[in-house]
Amino acid sequence: MEHLTSIKLKQIVYFTSIILFLSGCAAPRSITQSGKVTPHKQFRFGSNFSGNISTSVSKTLFDGAQSTASDLINQDTVRLEETVAKLEKVALAYSLDPIGSGYDFYLRYGVLKHFDIGYKFASGVHVFDAMYQFMGSTGTIESVGKKGICGSIGVQYSSQKYDLPLGFNKIQDLLGYTMKRKDILIPLIFSVSFGEEEKFGNFSWGLAYSHSFIDYGFDPDNIFYDRINSTTPVSLTAIEGKKNYSSIGAFVNIKAGYKYVYLISSLSVFYQDYGTYNMLGGGTANLSGLTIIPTLGIQFNLQKLPWFKKKSV
């Protein structure tokens with residue numbers, strides 16, 4: 001059995017930064033809707049590219065996580081020490097709220113005059129939501145309603161099983177780390193129109209509340225810790241846990257275009273206390289911080305399709 005001596009931690013600056021910028025599957029929380037729901041029997045579809053910048057991950061990331069894991073994974077056995085504890089915290093922080101970027105494709109449909117539903121495919125995650133408009137005009141460009149501020153409230157649901165991306169999968173393999181999550185997002189959106197019935201776009205703002213339900217676990221095969229007054233190492237007991245936490249955020253977005261095609265720019269900021277999580281060997285980790293989500297997108301509007309139009313008598 002090989003004893004693990006002290007391993008010097010190396011800073012990851014270039015390689016890891018590129019990996020994290022190109023990857024990362026965060027809970028979908030970018031908000032590009034306006035306070036005006038999709039008009040009855042009309043469609044909206046489009047695509048967004050979003051970033052996810054987490055201060056909590058930034059605090060734990062550059063501790064030499066990947067280089068340390070690369071060294072440890074090749075050992076026959078690994079003894080629990082500070083380096084392993086740091087790897088645990090990196091894996092946990094990154095899966096809860098990764099630094100990275102992603103894309104989504106979405107489709108929305110106006111089911112009723114004040115109500116629409118949507119589906120989004122966000123970097124491999126299936127997202128379902130619905131919006132109810134309680135304030136403002138529900139008219140269309142062809143049938144203009146009363147001018148004023150529009151307001152809507154919605155609910156969004158998503159679930160995913162999380163795997164660390166290329167470069168950090170070594171950490172996941174070493175620690176036997178698993179994580180599943182379910183996320184519920186409730187946005188409250190207000191908007192003012194550019195032109196009649198958002199003919200040229202809109203400016204939107206609002207607040208959002210989200211709640212996340214986490215199932216996580218650590219089950220390593222070859223990590224041991226030393227017993228006091230004994231030369232025989234002890235294998236670690238697997239950990240399984242459940243946590244849930246809330247996030248509170250605010251956002252603004254601008255949509256600009258004409259009638260059928262629009263460009264959208266959005267910025268959301270959330271704060272969350274992720275809570276306290278059990279670590280291998282009896283330790284705990286407490287995480288909290290801000291998340292900044294910038295988004296750029298394009299949206300297409302479809303007017304009523306021919307089979308929805310009333311036939312003339």
Below 4.5 Å, heavy atoms only, C-beta onward: do [X] and [Y] meet side chain to side chain?
X	Y	result
E198	S191	yes
F213	K242	no
I141	Y260	no
K243	Y274	no
Q272	T291	yes
Y277	L96	yes
I214	Y245	yes
K120	S30	yes

Approximate separation, where rounding is to 0.5 Å, of [X] [atom1] and [Y] [atom2]:
X	Y	atom1	atom2	answer
F218	L175	CZ	CG	6.0 Å
L207	I186	CG	CD1	12.5 Å
I149	W205	CD1	CH2	4.5 Å
T276	N286	OG1	CG	4.0 Å
R108	Q33	CZ	CD	5.0 Å
Y271	T55	OH	OG1	8.5 Å

Check: So with a 6.0 Å cut-off around CG of L112, is the heavy-atom count from everything else above 12?
Finding: yes
Hey, is the main chain of [Y] close enough, under 3.5 Å, to the side chain of [X] for a donor-acceptor pair?
X	Y	value
H114	Q133	yes
S152	G35	yes
K259	N301	no
D273	S288	no
S123	Y103	yes
S50	T295	no
H40	V111	yes
S210	L185	no
D183	P28	no
N253	I264	no

Item checked: side-chain hydrogen bond (donor to acceptor under 3.5 Å, both in side chains) partners for Q156, two or more places apart -> none
Co-membership, hydrophobic cluster, residues [X] and [Y], 4.5 Å side-chain:
X	Y	answer
V252	F270	no
F134	I117	yes
I298	L296	no
F128	M131	no
L107	V37	no

Next item on the list: Take I189 and F251 through the test side chain to side chain contact (heavy atoms under 4.5 Å, CB included) and record every step on the way to the result.
Entry: CA-CA 9 Å; I189 309 174; F251 62 89; 3.6 Å; yes
Note to self: What I want to find out is whether D215 reaches K180 closely enough, with some N-O distance under 4.0 Å, to be called a salt bridge.
What the structure shows: no
Determine whether the aromatic ring centres of [X] and [Y] lie less than 6.0 Å apart.
X	Y	result
F105	F121	no
Y258	F200	yes
Y109	F43	yes
F300	F45	yes

Tell me the closest heavy-atom pair linking [X] and [Y], and the distance in Å.
X	Y	answer
S34	R44	OG-NH1, 4.4 Å
G51	I293	O-CG2, 3.3 Å
Y106	S47	CE2-N, 3.7 Å
V127	A122	CG2-CB, 4.3 Å
G151	F190	CA-CD2, 3.9 Å
A285	L92	CB-CD2, 4.5 Å

Side-chain H-bond candidate by donor/acceptor type, [X] with [Y], under 3.5 Å:
X	Y	result
Y216	S95	no
S204	N202	yes
Q42	T140	no

Notebook entry, point to check: Can you check side chain to side chain contact (heavy atoms under 4.5 Å, CB included) on V125 and D104, steps first, answer last?
Noted result: CA-CA 9 Å; V125 181; D104 68 62; over 6 Å; no
Notebook entry, point to check: So K255 and F194, side chain to side chain contact (heavy atoms under 4.5 Å, CB included) or not? Walk me through it.
Noted result: CA-CA 9 Å; K255 182 170 75 172; F194 299 155; over 6 Å; no
Next item on the list: Mind running side chain to side chain contact (heavy atoms under 4.5 Å, CB included) on Y177 and M179 for me, showing each step along the way?
Entry: CA-CA 7 Å; Y177 177 62; M179 199 271 277; 3.6 Å; yes
Checklist line | side-chain contact (heavy atoms from CB on, under 4.5 Å) involving S159 - partner list, sequence neighbours excluded | finding: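 S159 satisfies side-chain contact (heavy atoms from CB on, under 4.5 Å) with Y157, K182 only.
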Checklist line | Residues that R29 engages under salt bridge (charged side-chain N to carboxylate O under 4.0 Å, His left out), provided they are two or more places apart | finding: D97
